[in-house]
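A quick write-up on the structure given underneath.
Computed from a predicted structure; not experimentally measured.
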Amino acid sequence: MNPFVLTIFALHSGQNNNMKLDYSAIEAKWKRQWAETDLYKVTEDKALPKFYVLDMFPYPSGAGLHVGHPLGYVASDIYSRHKRMCGFNVLHPMGYDAFGLPAEQYALDTGVHPAKSTSDNITRYRAQLDNIGFSYDWSRQVRTDDPSYYRWTQWIFLNLYHHYYDKIQDKALPISALITHFETAGSKDLHTASTSHPEFSANDWKSMTAIEQSNVLMNYRLAYRKSGFVNWCEALGTVLANDEVKDGVSERGGHPVVQKEMMQWALRVTAYAERLLNGMENIDWSDSLKSIQRNWIGRSEGALINFSLANIDSGVTVYTTRPDTLYGSTFLVLAKDHELVNDILSADQKDSVRAYLDRSHNKVADTRGDKNLDGVWTGAYAIHPLTNKKIQIWLADYVLSDYGTGAIMAVPCGDERDLAFAQHHQLEIIEVIDRTGLENSSIEDKQGILINSSFLDGLTVEKAIQSILAYLEENHLGQKQIAYKLRDANFSRQRYWGEPFPIYYDAAGLVHEMPYASLPHELPDLDDFKPSPDGRSPLARLDSWARPAADKFLETDTMPGYAGSSWYFLRYMDPTNADEFVSRKAVDYWQDVDLYVGGVEHAVGHLMYSRFWHKFLYDLGYVPTQEPFKKLVNQGMIQGVVESLILLKERHDGKAHFISAELIKAKGLSPNDYSAIPVHIDFVSAYGQPNSHITEEGIKSFIQWRNEYAEAIFESADGKLYTLTNASGAFIETLSEVGKMSKRYHNVVNPDDVIARYGADCFRMYEMFLGPIEQSKPWDTMGIEGINKFLRKFWSLYFNEEGEWIVTDLEPIESSYKILHATIKKTNEDIERFSFNTAISQFMICVNELRKTGEQSSKILAPLVQLIAPFAPFITEEIWQYLGHDVSVHKSTFPMHEDKWLVNTSITYPVCINGKKRSEITLPVDTPKEEIESSAKALPEIMKWLEGQSIKKTIVIPGKMVNIVL
RNA sequence: GCCAGAGUGGCGGAACUGGUAGACGCGCUGGAUUCAAAAUCCAGUAUUCGCAAGGAUGUGCGGGUUCGAUUCCCGCCUCUGGUACCA
């Protein structure tokens, strides 16, 4: 026995032999010890293989963490600890996505500076995270609002600004190369991603003014300025992202949102569309996530078709995925802001077009679901390229300016919207597809035979598309084209609490970038966070900052939330580097993220932009991989039970009337007769159980909380009426529904409370035991007792009821080896496939069995501690120390199973008649096939079935089962 | 509408390559212990017929493949998530 253990025993006996399981003492002890010894600190150790496990870093909101948030963190922590014990050098960091709207809104409401509230929230988050016992290397923490961090966010932005996308080399190249091209060849032979495609010669370029040149270059930069329509909310005084708008009103506050034209910074993510699509082939993400990204990119193959105009010498190009239906095209439709609109409107249609445009622009944004048939004829005609017939050109809401060419050829017979529009405005419809025999298919299906289409008649759709494409290209009427739904990302926010752009403008409006060396361009202090009245950010009101000189105007927009989060995983590799965003040495060692765990709500935003930035950094040679996240696991949500009181719409003697939830059925009420008022779960008895209810205490607390119900009447299931002053004996059932865990429903369960009662180990294991990590499931307050019991049983293998250490060095019995090694095997497999709930089941089976046999040998009990260590890091560390180790269990080597303990000498075969199990038989493992068959047939239960029957066939799978077919 | 995923006891879930459906836990029932309770321990717990032995049914519904299907195939229903005038 080493001196260390002696000390423990001395202490132990000195404390009157009382080593009872005391979670909080054990946790406090090891939290301190781990911090003091920097147990989880990692460095680039070339002797060990690396493994990078990343959690999506949280936005530190004022509400703190609830039990749903750490679900993914616990899973990734178990995985990290396991990998570490398996000999990997594991990078497992954590940080904060610290810029964001809520802090600024909070500042507007309370005057508390976002920097202060954010820091306060971070302090709280950190305490909550520490409580749970995570193995983060906190020395690598990043927060996006730290100037030493956002300096590099700005640096990447400037790089995007200084690069364009070359479609031939399929990568980003410096703008200087583009300028050289312009100087020698103008726009000739240019293959770049750009907003528009102007044509100019080298001489044209040279004769442009600085402003003109700057504008031309903007058209190619990967970070660029453009004028576009944004969701403008007058009441909030700001621009909203699409997901902040619901049903045409702001999600927060429900204020009207309209389209407003504004100069905005944008990122040319569309340049990377094809690579973002193809890059998913070799990464291990869920099918659903990949399909969400695929849909978002929305690649389609089609054709550009040129139509000339009837009266003016110009043309319009449309994009279609169905060039085969060209003969069915009876009119064209342009987006309302198509560049040709002003050129083509005829004098007599001017007024109705103006009226339409006014109508359209004032429409609230994002009117989901409403199919809108509004539109107007421009008075102009185009010439059909094949029939030379004049067809009308319309404007309509349903054609979008930023998809395809912003113009379509309408084919009413082959497109639902064109058909609806044609019917509504009484436009011609020509059938060009014969769908005989395809009555159940929609008109948009690519099936049928071409008719009324000249040389295409008789061809299938597929053949017709090839044929018409060849014809169009031959006659210079059009060409193949690939289109994407993906849009360039709006990168401007008219907000204070974000990264400032390292950009300023001169008196002439020319854009200037700040030099790299001047970064960080720091966010100034502010004490009033109201937006500037013209819709610009609060920074615009800070003249001393925004206008440092008479002819120098700083950009007052700030960057959106996804700026800082698009590259934070790289900064963890080298968090304090003052010279580079990440050193080559660090990124060459850590490479990329091996496992990324986070919520599916970031499926498009964060994950798309991170991949885009990463590919860009790859193009510039700063990172060695094309994809940042090799494997990604989405954790589900932990839901809460929403408890509500049933309030009848009809009042009782003019007073609010609540009834027991049981009475809904009894009284035959429909949802129109009552409303469910969420009750704070602290007031509810038997919370989350079928008989959840409020009692006298609950009624008092409820009324204290919601004073407007002071006079209310509460009716119990047996018809008795209770009031605040007469509530004795009340039992009012509440309505229990599974829903979001949210402040709004007053059903938030704080991990701190759970940990205070059951300990961090129990909390961690219970979160994992609830079910598969990807699934959403409700938090069940009762279920945690099962894990609590398990941990006590586990502990009791090592300490008896008197708290005495009972582990011996004696040789264990054979069955203990068997169950141990079965558990080792299953644990390794289950952790690797992220099946933590089944690993925990196996621990329970193992502990139950060892208790039954009274196993006390350290040869079994020591490896068991290691198996459970990733799940329950505190209690296992304590026991490990008692086992005589002076190095942490988390630094030990994870056990590997030995096959010799897993081979069975006998096998129990199920014996089936016609596939249904009727009996079973235990035979030695090496029993020959014939003998298995004859032994099975000799079983009395089986003979009974065989009596008077003839056997058609007998299937014997050695080691598996026997099936007799009658 | 379109795309993706999922439907298994009272509940959370297990069954990994087609081979004993319901592991493990919660809850519930009964028992032991206790003056009593809590805690703990033991037994039972898919449905149904039956006193029992023992049957029958059973993984959303309807078909199919197979000696054998929760697992594979076809059609449908329901739920969850994504998306929404994308030509």
Side-chain angles (χ1 to χ4, degrees), chain A residues 286-296 298-300 302-303 318-322 325 333 366-373 396-400 402-411 414-418 420-421 442 444 483-487 600-601 603-604 634 636-637 688-690 766 769-772 774-787 789-790 792-793 796 801 826 829-830 833 835 837-845 848 851 908-920 941 944 952-957 959-966:
Chain A
S286 72
D287 287 344
S288 75
L289 194 60
K290 283 185 183 178
S291 102
I292 289 171
Q293 290 229 335
R294 245 178 241 123
N295 290 345
W296 192 258
R299 183 184 195 273
S300 69
V318 303
Y319 175 73
T320 178
T321 54
R322 293 298 300 274
T325 62
V333 187
D366 187 47
T367 40
R368 280 172 180 236
D370 278 351
K371 293 289 176 223
N372 184 351
L373 297 177
D397 287 1
Y398 83 91
V399 173
L400 309 173
D402 48 3
Y403 180 74
T405 59
I408 64 155
M409 63 174 205
V411 182
D415 184 286
E416 297 285 358
R417 291 149 310 163
D418 294 346
F421 193 81
S442 90
E444 295 186 6
Y484 303 91
K485 284 193 219 173
L486 184 72
R487 307 292 157 80
V600 74
E601 65 272 20
V604 281
N634 284 127
M637 270 196 321
Q689 290 171 263
Y766 184 53
F769 190 62
L770 280 171
E774 329 79 52
Q775 259 169 50
S776 292
K777 53 247 154 179
W779 179 262
D780 169 15
T781 316
M782 303 299 290
I784 198 167
E785 285 295 347
I787 296 289
K789 274 187 218 163
F790 162 76
R792 289 180 177 282
K793 288 182 193 172
S796 75
E801 276 180 51
K826 188 154 175 58
E829 287 168 0
D830 284 354
R833 68 189 177 105
S835 180
N837 54 332
T838 51
I840 294 171
S841 296
Q842 183 65 31
F843 295 154
M844 289 173 167
I845 292 167
N848 285 343
R851 266 165 58 88
T908 300
Y909 286 92
V911 183
C912 306
I913 306 286
N914 291 336
K916 193 104 198 152
K917 185 195 159 199
R918 295 299 170 186
S919 183
E920 57 184 35
E941 301 94 324
K944 192 181 73 190
K952 280 202 193 115
K953 203 181 196 180
T954 305
I955 291 122
V956 179
I957 314 282
K960 286 269 188 199
M961 47 78 69
V962 178
N963 189 17
I964 300 167
V965 186
L966 299 181

So what does [X] hit on the nucleic acid, given a heavy-atom distance under 4.0 Å: a base, only sugar-phosphate, or nothing?
{"X": "Leu770(A)", "value": "sugar-phosphate"}
{"X": "Lys826(A)", "value": "base"}
{"X": "Thr954(A)", "value": "nothing"}
{"X": "Ser288(A)", "value": "sugar-phosphate"}
{"X": "Lys777(A)", "value": "sugar-phosphate"}
{"X": "Asn848(A)", "value": "sugar-phosphate"}
{"X": "Glu785(A)", "value": "nothing"}
{"X": "Lys789(A)", "value": "sugar-phosphate"}
{"X": "Val399(A)", "value": "base"}

From [options], pick the nucleotide closest to the side chain of [X]?
{"X": "Met782(A)", "options": "G5(B), G27(B), G82(B)", "value": "G27(B)"}
{"X": "Tyr403(A)", "options": "C24(B), A87(B), C41(B)", "value": "A87(B)"}
{"X": "Thr321(A)", "options": "C24(B), A87(B), U83(B)", "value": "A87(B)"}
{"X": "Met844(A)", "options": "C16(B), C26(B), C24(B)", "value": "C24(B)"}
{"X": "Pro772(A)", "options": "A14(B), C67(B), C24(B)", "value": "A14(B)"}
{"X": "Arg918(A)", "options": "A87(B), G13(B), G55(B)", "value": "G55(B)"}
{"X": "Ser300(A)", "options": "G82(B), A87(B), G25(B)", "value": "A87(B)"}

Is any side-chain N or O of Asn837(A) closer than 4.0 Å to OP1 or OP2 of A14(B)?
yes

Looking at Gln775(A), I'd like to know whether one of its side-chain N or O atoms comes within less than 4.0 Å of OP1 or OP2 on A6(B).
no

Side-chain heavy atoms of Ile840(A) within contact of Ile787(A), under 4.5 Å
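Side chain of Ile840(A) against side chain of Ile787(A), heavy atoms only: contact under 4.5 Å found.
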
Just wondering, do Asn914(A) and Val965(A) contact through their side chains at under 4.5 Å, heavy atoms?
yes

Over how many whole Å does the gap from [X] atom [atom1] to [N] atom [atom2] extend?
{"X": "Asn634(A)", "N": "A4(B)", "atom1": "CG", "atom2": "P", "value": "17 Å"}
{"X": "Glu416(A)", "N": "C2(B)", "atom1": "CD", "atom2": "P", "value": "11 Å"}
{"X": "Arg851(A)", "N": "C41(B)", "atom1": "CZ", "atom2": "P", "value": "6 Å"}
{"X": "Leu400(A)", "N": "U83(B)", "atom1": "CG", "atom2": "P", "value": "16 Å"}
{"X": "Asp402(A)", "N": "C85(B)", "atom1": "CG", "atom2": "P", "value": "11 Å"}

Can you tell me the base-pairing partner of [N]? Count Watson-Crick or G-U wobble geometry only, both distances below 3.5 Å, and say none if there is no partner.
{"N": "G10(B)", "result": "C26(B)"}
{"N": "C2(B)", "result": "G82(B)"}
{"N": "A87(B)", "result": "none"}
{"N": "C67(B)", "result": "G19(B)"}
{"N": "C41(B)", "result": "G31(B)"}
{"N": "G58(B)", "result": "none"}
{"N": "C51(B)", "result": "none"}

Assigned glycosidic conformation for G9(B) [threshold 90° from 0]
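It is syn.
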
What interatomic distance, in whole Å, is found between P of A53(B) and the corresponding atom of A46(B)?
14 Å

How far, in whole Å, is G64(B) from U71(B) if one measures between their P atoms?
15 Å

Could you list all N or O pairs between the protein and nucleotides 50-53 of chain B that sit under 3.5 Å apart?
none

Which pair of heavy atoms, one from Ala420(A) and one from Leu373(A), lies closest together, and at what distance?
CB-CD2, 3.8 Å

Under 3.5 Å, which N/O atoms of the protein pair with N/O atoms of nucleotides 17-21 of chain B?
from: U20(B); atom 1: O2; to: Lys917(A); atom 2: NZ; distance (Å): 2.9

